[in-house]
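These notes are about the structure you will find just below.
Keep in mind that the numbers below use all heavy atoms, side chains included, and drop hydrogens, waters and symmetry copies. Proteins come first, then strands; the chains are lettered A, B, ... in the order of their sequence lines, and each starts at number 1.
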Amino acid sequence: MLFNNRTERYFVWVFFPLALLMPLFLEQNTFYVSKLTTVMIFAIFVMSLDYLVGRCGLITLGHAMFYGLGGYIFVMIAPEYEAVNFWVYTFYICVIAAAVALVIGFLVLRTSGIYMIMITLAFAQMTYYFFSDSLDFGGNDGVFIYVKPDTSLFGLSLFDLENPTHFYYLCLLSLFNTLFFFRLVTRSRFGRVIDSIHENPGRTTALGYNIFVFRLMAYTMASALGAYAGYLFTLQYGFVNPSMLAWTTSGSALVMSILGGIGSIYGAILGVLVYEGLHFSLEHLTEHWLLFMGALIILMVILFKNGIAGYLEKLLERR
Amino acid sequence: MNKLLEVKSLHTLYGESHVLHGVGFDVEPGQAVSLMGRNGMGKTTTLKSILGLVQPRSGNVLFNGEEITQLPTWQRMRRDIAYVPEGRGMFHNLSVKEHLQMAARPNKRGEHNWDYDRVLETFPRLQERLGNLGTQLSGGEQQMLAIGRALVTNPDLLILDEATEGLAPLIRKEIWEVIRTIKASGISTIIVDKNIKVLKELCDKHIVLVKGQVVFSDSSEGLSARLDEVESYLGV
Amino acid sequence: MTTSLFFVQLINGLQYGLLLFLIASGLTLVFGVMGILNLAHGSMYMVGAYLAWYFVQQTGSFTLSAVISAIIALLIGIVVERTLIQRLYRRNHLDQVLLTIGMIFVFNALQSILWGNDPLGVQVPDAMSAAIPLTDVVEYPVYRLFVALLCVAIAAIMYYMINRTRLGMLIRAGESNREMVECLGIDISRLYTIVFAIGVMLAAVAGVIAAPMSSIVPGMGEHVLIACFVVVVIGGMGSIKGALIGALLVGLVDTFASVLLPQLSSMMIYILMAFILLIKPQGLFSS
Amino acid sequence: DNAEPIKVGVMLPFSGIYAALGDAGRNGLKMALKEHAGELHGRQIEFIEMDTEAKPERAPEIASSLLNQHHANFIIGPVHSGVAMGMIKVLKDQDTIMIIPNAGANAATGPLCAPNIFRTSFSMWQPSYPMGQVALDSAYKRVVTMSWNYGAGRESLEGFEEAFKAGGGEIIKQIMVPFPKTEFQSYLSEIGSINPDAVFVFFAGGGAVKFVKDYDALGLKGKIPLLGSGFLTEGTTSAQGPSAEGIRTTLHYADGLDNEVNTKFRQNYQQMFGKEADIYAVQGYDAGLLIAKAVDQLGGDISDQAALIQAMESTTLLSPRGEVSFSKAHNPIQNIYLREVVDGANKVIDVPAAKLEDPARGCKL
Amino acid sequence: MNNNVILESQVILETEGLCKYWGGLKALDDISLKFHDRELHGIVGPNGAGKSTLLNLLCGHYKPTSGRIVHEGAPIDAIKPYAFARRGIGRSFQKTNIYPNATCLENCSVAVQRRMGGSFNFLRSRHRQEVLEEIATEALEKVGLLSRRNEVAAHISYGEQRQLEIAMVLATSPCVLLLDEPMAGMGHEESQLIIELLKQLKQEYCIVLVEHDMDAVFELSDKLTVMVDGQHLTTGTVDRVRDDPRVKEAYLGQGDEVY
Ligand SMILES: Nc1ncnc2c1ncn2[C@@H]1O[C@H](COP(=O)(O)OP(=O)(O)OP(=O)(O)O)[C@@H](O)[C@H]1O
Ligand SMILES: Nc1ncnc2c1ncn2[C@@H]1O[C@H](COP(=O)(O)OP(=O)(O)OP(=O)(O)O)[C@@H](O)[C@H]1O
Ligand SMILES: [Mg+2]
Ligand SMILES: [Mg+2]
């Protein structure tokens, strides 16, 4: 079975049906639909990071670079006032981001641990300043995307991106596919090697695996998915800003992934839901929401050994 | 005679798995005690329970008549116990010299029998490697350093897990000599090793564990008498 | 660039580097040597600056304020280590990330509640308000020289303590294998509490000392945080010498880049860091 | 219908580096609506406050929340230009009125202008353009300009440059500091070696404090005159201390403006919030004033957006900064004052531009 | 020992003037050795003689300071560490080096998979092909760990971990086995098991064995090399080496008693 852990199975069975029905409840209020869309987009991003950090042991503080690139690549390659094809551009963006990741990964994967955190940060910051200082891409203020792509595939147009509910379903589908994909990958033979490398890189080399290549592939894959999430985010409101690439974005994603349960993949969704949910509700309650947010985060680290997913597993996995 | 260490019916669990089933024995001052058993029988677990590195579910550990079962590890060690763990426990960021300097201290009675210089005398090999980091030593050198590091704390009770693992025959002999000397100076030892011949000659008392239970506990004479039985426990 | 300007910039670079070292010194200790990933380091820097401001208002004396602030920071360090950090030693390093980010939120909120959001300033103590002329126009404030000297002193003391004393060995050993240190009869947990608190205090003291030269504003902690990590990491984890040289390198490169390569100056320290880590993947002086 | 409260969404930074600006803006806004409660024809005001954290990437979402979740009639915000862009993307041509109480990006009332977007603050060009003439009048010929390298900074310098160059001045060097870096020492040393007639800068908030202190500490003060867009000394003089004394800046407001509205405004503000008002408070105040005036004109019925916009366009506000009316692009037409810091306060010394209107390049309204 | 066998079998791995210096320390100095197919070559020497260093060079873990390593006629000292294993040079470590959080079976499966391929298959389940697990199980069985098959490696005892270490090397089915003190930390029974196993294996493979357990070394070795302080002291048959006075002085000690 693909979702072989009981908690994960429950989660998938509860979350996705609920998410499918959600717009029915919220139809009157497009904001909630949009908000959930944003959450799901970010969950894709966090999931790709979770795979890198939790499964591959490649801790990066530069993942937002690809999130931002997802948007900026689109701005760079798409004509300004003409609707392009969504799928074609998804392909372009993923391929270009993967190419960038291949080059950057080739450099950063020589280091490990904290050194890798810092060197990925370095590359992300360089990209950040590149766009933030640039006059062509709106600089610090960001740029607009005026025309959203159309999503026809073989003449069949399933989603209208201008319609928030359609966009919501597109993102939900993407999220499910991402989860499904990562599950396949972690369960595969490739996944076995990745697990081994995570646990003991030296031993894996001694067994004859070229760990660099495996890491590079994982890095490239996760980066391309991160870019895809950024692309979706950009399309949601048609707005790109360099802050998408800032280290704070990477930091938030890392926080959500740890909160959700690092390495559990589906925990990414939990992490984003809980973090964003707390943020959303506290922000409305009090001006000093930061205080409560911080206190709750501290409390959760202390109480949950392996994030929220770990906590749920402790509750549900008892036979 | 009063006991230095008393271990009473220890039950230790790792999560769900019950490893020690009521292990009990005692060590008298100046005595050398061997702890034997096949792989996975609970020798290390017994030692760790004594030191508080794992907390036994039930049972007691008394040192010099004083109950120490609830104390944190460092307080137990302060009662002048020293430990050489299996796997050696080197510090990757300390040099050989620093390993010895950081650990060195007089014992409770203020005695300084073992100090930096004496360890280097005993293991001249280390003398040549003073600047190497702990993990930049050969396996045997690490073992020497681990023993030296334990000795400079001037213990009353020295606990050696896999005492001579990875040592060349000559050095192994050396180690047995050292243990003989410290025994002569009144220090007690608990030794885990597989060399039954040497242990028989060196130790006053022998304990054999099978599946977390003491199946044999007797003096060397007793061991000679029941050698076949013990050897079958050990799979020799 | 004229020679005189070159020398002025050299001094600027060194002084900035030394200041960076001062700010990063606590992190070098807590993160580099002890291996605790404390992202709230910058917050303690901020707290130091705000405390300095507050007690200068109350007492009128900068020195007194510095002493009180340092003591408060030490206490905060003890409490934080005892109640929070200590629970995480046996866990994944990443949990420390989460915990300390939570702490950043809390400190930021408290700062806003206690002291408001307006920018604040502390004046340079009168005794050190003089300046030494460097060129016709530019002069150099005595206070900044004093800070530079102080940084050198702190670097020397830290280097000696970590590398030469038994205490330093114990701390390093604790980073490598806590259990084994405990097996040598050392109360590692109390030792760690104290050293962590000292690290926190160093961060706050840096905030106090930097206060008269900078602006005290919300978010000032996050700005220095990255720079601190850059310094510690390019120097090589756990190396005081590395951190000092890393700090000076960052200071010099940043200073000269802003004048000579203004288009790249925003990226320069990252380029420097990437460059160093590509050549030496463990930093300059890692063991 | 008039029983419903008027919903005012407040989208300002209440945490992070811009929090002080957000606070002041909100204070001003609330004060204005309270003082002018009588003109609301019985309608209550309901505030919905959202912390932008000055994060542009969150701006569309928050704006959408105010628009679609809370159905705000007015949205006041933001401080940060990047956030403004994100908001405009969502709010442009919607049925809510967006009033910008600070962000000065020229584009907001330039190429991106829209019928429902108003600004009660300024465009970056506005406060610095008149300084060009001031510099020329002071016989400064060779000037170094300096600011953070971001939109607001660049546009501010451009405003100064436009007037200064037109009058024959020469910009001998333009220094762009990476945003939000506050290490100015090397730049100042360089300026010292160039020794220009004057320096014109744009910095704000904490950066402004640090800059002014460094300028003094390195001995440039008193040797090379420092000019600035007024934000250099707004809300920061107490932190800057004596280092700020004598700095001349241009802005659409000054503490000591001698008019009745201002005196009363400063007094009330001091009373309500326990601190001195600054430009950010004034801009927020004017946003409130604008709402009050428009609601009053329509007799409390704001359901017709076209009428509402018409009413807002045609009002003239009696602001603490003097009379303010709105250009076609919905940017304020206002006086720009030349101020000098005296005893920690920005005292008016001249009015280099009266009723200055932003050129609103690119706006098709 | 049968000398004819030694002469007939071919050289499979060879070092020429191999040196490894750590700063000023000559951990390995000018070592030239030949390792033959289907032969167990024992290496002994005092602690710090450079035995582990030699193995680390032979498996590509370290790069030599100078000298050459030739495998089946091809010089291999310039190739990447992982490539050594791909050429069939497998090694076990002196300091236990396993995947602590994976089960014993999984530990071996990783090793088997290297050989079986499919490591770049992203989609197919790793549990789909039983052959792989069969081979892994076989390896566990050989070292006597079958009953611990599904135990997490961190939860088995130290000695058992040493057994697992060997099982993992076997699972890669190498042609050259480099074993660094495989018996250290193992009990009698387990040691005996490994000795029996090695006796079998040496009929097929070239085995280089570093070990301080003299009984085992003497029993198993076809050829024995003694190293002292990075230098090559002597190489020969067990009997010759055992009686060499230099060896007695440097390593074994006088007298018959072996500790
Ligand atoms: N951390 C652990 N978690 C779970 N089980 C453990 C753990 N450590 C040891 N065990 C189990 O406890 C039993 C006893 O282990 P112990 O290490 O005490 O054996 P030992 O007698 O020292 O063996 P050896 O001679 O191999 O070192 C073993 O069966 C082992 O599987
Ligand atoms: N990374 C290193 N840096 C410096 N010296 C090292 C390093 N690794 C090993 N050495 C030294 O090289 C010498 C040879 O070590 P090696 O591990 O090869 O010895 P060995 O023959 O395997 O000994 P043992 O039987 O004790 O395992 C030792 O003296 C050791 O201190
Ligand atoms: Mg054991
Ligand atoms: Mg060795």
Side-chain angles (χ1 to χ4, degrees), chain B residues 14-17 19 36-45 85-88 90 123 125-126 128-129 131-132 135-145 161-162 164-177 192-199 201-202 231-236, chain E residues 22-25 27 44-53 93-96 144-145 147-148 151-152 154-163 180-181 183-193 210-215 217 226 228-229 247-255 257-259:
Chain B
Y14 289 112
E16 303 281 285
S17 81
V19 174
M36 292 181 282
R38 283 194 288 196
N39 287 159
M41 289 305 166
K43 304 180 293 290
T44 302
T45 309
E86 64 187 10
R88 296 145 192 159
M90 291 288 105
F123 303 113
R125 185 85 212 164
L126 293 180
E128 298 162 27
R129 295 282 172 274
N132 278 33
T135 40
Q136 290 177 343
L137 292 178
S138 82
E141 289 163 350
Q142 290 185 10
Q143 185 69 24
M144 298 176 208
L145 182 56
D161 199 353
E162 311 284 357
T164 60
E165 187 203 323
L167 292 178
L170 261 179
I171 300 294
R172 232 181 277 171
K173 204 161 145 190
E174 195 69 41
I175 297 282
W176 296 128
E177 266 333 301
V192 174
D193 201 81
K194 64 175 174 183
N195 195 332
I196 196 172
K197 247 193 279 172
V198 179
L199 290 176
E201 176 234 337
L202 188 68
E231 285 192 336
S232 77
Y233 289 139
L234 301 180
V236 177
Chain E
W22 298 109
L25 172 72
V44 296
N47 296 117
K51 305 180 294 295
S52 301
T53 306
F93 289 83
Q94 181 170 8
K95 183 166 188 303
T96 309
L145 267 187
S147 62
R148 297 300 222 169
E151 208 75 42
V152 173
H155 294 179
I156 62 179
S157 80
Y158 185 70
E160 289 167 326
Q161 290 178 351
R162 307 283 318 149
Q163 288 164 260
D180 200 353
E181 302 197 22
M183 266 77 105
M186 254 184 226
H188 285 279
E189 194 181 44
E190 292 81 4
S191 298
Q192 213 49 54
L193 190 80
V210 172
E211 183 57 67
H212 289 300
D213 183 336
M214 284 305 117
D215 297 337
V217 173
V226 184
V228 176
D229 281 335
V247 176
K248 283 203 166 156
E249 187 199 354
Y251 183 59
L252 294 172
Q254 304 299 333
E257 187 110 35
V258 171
Y259 291 94

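Between atom NZ of residue E/Lys248 and atom CG of residue B/Leu170 there is a gap of 12.0 Å, rounded to the nearest 0.5 Å. Rounding to the nearest 0.5 Å gives a distance of 7.5 Å between CD of E/Gln94 and CD of B/Gln142. Between E/His188 atom NE2 and B/Asn39 atom CG the span is 10.5 Å, to the nearest 0.5 Å.
Within the 4.5 angstrom heavy-atom criterion, atoms from both the backbone and the side chain of B/Leu167 approach chain E. Within the 4.5 angstrom heavy-atom criterion, only backbone atoms of E/Ala250 (N, CA, C, O) approach chain B. With a threshold of 4.5 angstrom between heavy atoms, B/Met36 does not approach chain E through any atom at all.
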Report task. Quick one: do B/Glu128 and E/Leu25 satisfy side-chain contact (heavy atoms from CB on, under 4.5 Å)? Show the steps, please. Result -> CA-CA 10 Å; B/Glu128 298 162 27; E/Leu25 172 72; over 6 Å; no
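Side-chain contact between B/Lys194 and E/Ser191 is present, with heavy atoms from C-beta onward closer than 4.5 Å. Side-chain atoms of B/Pro169 and E/Met214, non-hydrogen and from C-beta on, do get closer than 4.5 Å to each other.
A donor-acceptor contact shorter than 3.5 Å is absent between the side chain of B/Arg38 and the backbone of E/Glu189. A donor-acceptor contact shorter than 3.5 Å links the side chain of E/Asn47 to the backbone of B/Ala168.
Contact check on E/Asp213 versus B/Arg172 returns no salt bridge, with no Lys/Arg side-chain nitrogen under 4.0 Å from an Asp/Glu carboxylate oxygen.
Looking only at heavy-atom pairs under 4.5 Å with chain B, the residue among E/Gln192, E/Glu211, E/Met186 that has the most is E/Met186. Interface check for chain E: of the options B/Arg125, B/Glu162, B/Glu141, the most heavy-atom pairs under 4.5 Å are formed by B/Arg125. Highest contact tally toward chain B, considering only E/Gly187, E/Ser157, E/Gly48, is held by E/Gly48 [criterion: heavy-atom pairs under 4.5 Å].
Here the closest non-hydrogen pair linking E/Gly185 and B/Glu165 is N-CG, 3.7 Å.
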